[in-house]
Amino acid sequence: MTGSKAGTVEGYATRPRWRGRVAALRGLDWPLCLSVLALSVIGALLVRSATFHSLLEQGQDPNGFVKRHALNMLIGFALGAVVSLLDYRLLRAYVPILYGLACAGLVAVLTPLGATINGSHSWIVIGGGFQMQPSEFAKVGLVVLLAMILGEPRDGEIGPGTRDILFALVLAGVPAALILMQPDLGTTLVFIAVVFGMLVISGTRKRWIFGLVGGAAFAIFSVWFFGLLEDYQIDRFTAFLDPDADPRGAGYNARQSRIAVGSGGLDGQGLFQGEQTSGNFVPEQQTDFIFTVAGEELGFIGAAAIVLLIGVVLWRGLRIATQAADLFGTLVATGVVCWFGYQAFQNIGMTVGLMPITGLPLPFVSYGGSATFANMIGFGLLQAVHLRRRPFD
């Protein structure tokens, strides 16, 4: 009798627990999950193709990059899973800490702890072959910071007031300025896209929006006119306007990336069979120019599939934003969508000649540690908002 009762009690105790876990899995946005997983798998294959031959020629493990990338992916998915389990509404209490850590990391980069890689002083070398790029994690801090400030309008106001907007712009300007000092123009532009998108969705009045657009245009003109850009950044813009003007210098990357993408045709030369990729004609193909590998080896069909999968991620993110339980959740999801959307557009655009070249990886596809972790944290934030899309009873 006692054993039977104990078993019954134990049965009643365990069933709700399993039901809760199953319900949590069912509650995930599975189109978003599957799209991110598909992009990650495709990215791993492209990273392997982009690095195999060069590592083999150097006498190193030809699968070294893809092994590290697979490890980064596993850690990233674990981070995303942990973040998705958190109640995003409780993040308000930790926003000052996250913001402070982000700024501290960006300041550390500008000290002797920082290292210059590919012309940008954006890294901290940890040791053992590991590097960290604080600007990637600063994107997460920016999103939650703006969501906290803009997501709590004052009594009697439909959108954020003047003080809230100014406060948000000043706080967002601090990490943006630190990133621009590295200099990392690409990440700074991501910050601008996130700030602008979240201001629009928060209900900011039109005069503020138009004023900010005018101010941004004036700032861009001032940066160019007063020569605040580095020489290599200016060369990238001039190469974007006319890549054939200096085909062996500033226009080399843009020209070779177009050749690689165009050589793929409709269905590509075959995975691991790209001549431009195996010949290392395009630099940094595993990171900034990963889309050239897709264009050459998978062709228009494969490249279009990547664009479609990214479109699904952005669509599901916007859907999560519209169904959020509160304005804070809507703004968190909006910020992540603006971050992923602009970065994908910039990366693919510079590969095919629609945008100037900046050092931005393709979300969920390019090789990277910090970028992969930050992207997966953003993915986890979207799931966290989705899982708690109904307000408190």
Side-chain angles (χ1 to χ4, degrees), residues 31-54 65-66 69 73 186 193 236 239-244 247 251-318 337 339-368 371-372 375:
L32 176 61
C33 290
L34 295 176
S35 297
V36 170
L37 179 61
L39 287 170
S40 300
V41 172
I42 293 173
L45 294 174
L46 297 180
V47 168
R48 197 261 185 187
S49 180
T51 59
F52 183 86
H53 294 282
S54 61
F65 266 98
V66 73
H69 187 58
M73 285 169 50
R236 287 178 176 179
F240 161 68
L241 297 175
D242 187 10
D244 295 327
Y252 178 82
N253 292 356
R255 192 168 182 271
Q256 292 299 323
S257 65
R258 293 184 190 181
I259 293 174
V261 172
S263 65
L266 180 63
D267 55 356
Q269 299 182 11
L271 191 61
F272 311 133
Q273 303 299 320
E275 296 180 359
Q276 295 286 322
T277 300
S278 61
N280 297 318
F281 288 99
V282 182
E284 305 300 329
Q285 276 195 291
Q286 73 274 18
T287 53
D288 298 347
F289 288 96
I290 192 73
F291 196 73
T292 62
V293 185
E296 181 184 17
E297 298 188 347
L298 305 180
F300 175 80
I301 295 176
I306 292 177
V307 174
L308 178 62
L309 288 170
I310 293 174
V312 173
V313 172
L314 300 181
W315 163 52
R316 300 306 295 183
L318 289 174
V337 169
W339 160 16
F340 290 165
Y342 175 80
Q343 192 159 320
F345 174 76
Q346 172 64 43
N347 179 276
I348 296 174
M350 73 179 188
T351 300
V352 299
L354 295 177
M355 296 290 287
I357 294 176
T358 57
L360 285 176
L362 185 59
F364 306 110
V365 180
S366 294
Y367 171 84
T372 299
N375 291 336

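The structure displayed is predicted, hence computed values, not measured ones. Just so you know, residue 1 is the first one in the sequence shown, and it goes up from there.
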Using the test ring-ring contact (aromatic ring centres under 6.0 Å, His included), find all partners of Phe364 that sit at least two apart in sequence or belong to another chain.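 Checked Phe364 against ring-ring contact (aromatic ring centres under 6.0 Å, His included); matches are Phe340.
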Partner set under ring-ring contact (aromatic ring centres under 6.0 Å, His included) for Phe52, not counting sequence neighbours: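 Once residues adjacent in sequence are excluded, Phe52 has no partner under the ring-ring contact (aromatic ring centres under 6.0 Å, His included) criterion.
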Approximate separation, where rounding is to 0.5 Å, of [X] [atom1] and [Y] [atom2]:
X      : Y      : atom1 : atom2 : value
Tyr342 : Asn347 : OH    : CG    : 11.0 Å
Phe289 : Glu284 : CZ    : CD    : 8.5 Å
Leu360 : Thr287 : CG    : OG1   : 10.5 Å
Leu298 : Gln273 : CG    : CD    : 11.5 Å

Gln269: which residues meet the side chain to side chain donor-acceptor pair (under 3.5 Å) condition with it, sequence neighbours left out?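 So Gln269 forms no side chain to side chain donor-acceptor pair (under 3.5 Å) with any residue.
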If only atom types and distance count, is the side chain of Asn375 paired as donor or acceptor with the main-chain N or O of Ala371 below 3.5 Å?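 Flag set: sc Asn375 to bb Ala371 pair under 3.5 Å.
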Where is the tightest heavy-atom contact between [X] and [Y], given as atom of each residue plus distance?
X      : Y      : answer
Thr358 : Met350 : O-SD, 3.0 Å
Thr351 : Asp288 : OG1-O, 4.5 Å
Ala294 : Leu46  : CB-CD1, 3.8 Å
Glu296 : Ala260 : CB-O, 3.2 Å
Val261 : Thr292 : CG2-CA, 3.9 Å
His53  : Phe272 : NE2-O, 4.4 Å

Below 30° counts as parallel, above 60° as perpendicular, anything between as tilted: where do the rings of His69 and Tyr367 land?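 His69 and Tyr367: tilted rings.
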For residues 39-51, which residue pairs pass the side-chain hydrogen bond (donor to acceptor under 3.5 Å, both in side chains) check, not counting sequence neighbours?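 Listed once each, the pairs are Arg48-Asn63, Ser49-Glu297.
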Please collect all side-chain hydrogen bond (donor to acceptor under 3.5 Å, both in side chains) contacts where either partner lies in residues 304-318, sequence neighbours excluded, each pair once.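 Checked against side-chain hydrogen bond (donor to acceptor under 3.5 Å, both in side chains) - neighbours excluded - the pairs reaching residues 304-318 are Asp29-Arg316.
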Indicate yes or no: at least one non-hydrogen side-chain atom of Phe291 is less than 4.5 angstrom from one of Val365.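 Side-chain contact under 4.5 Å: no.
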Can you confirm whether Val282 sits close enough to Thr277 that some side-chain heavy atom of one is under 4.5 Å from a side-chain heavy atom of the other?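 No, every pair of side-chain atoms sits at 4.5 Å or beyond.
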Side chains of residues 299-314: which donor-acceptor pairs under 3.5 Å do they make with residues two or more places apart or in other chains?
none

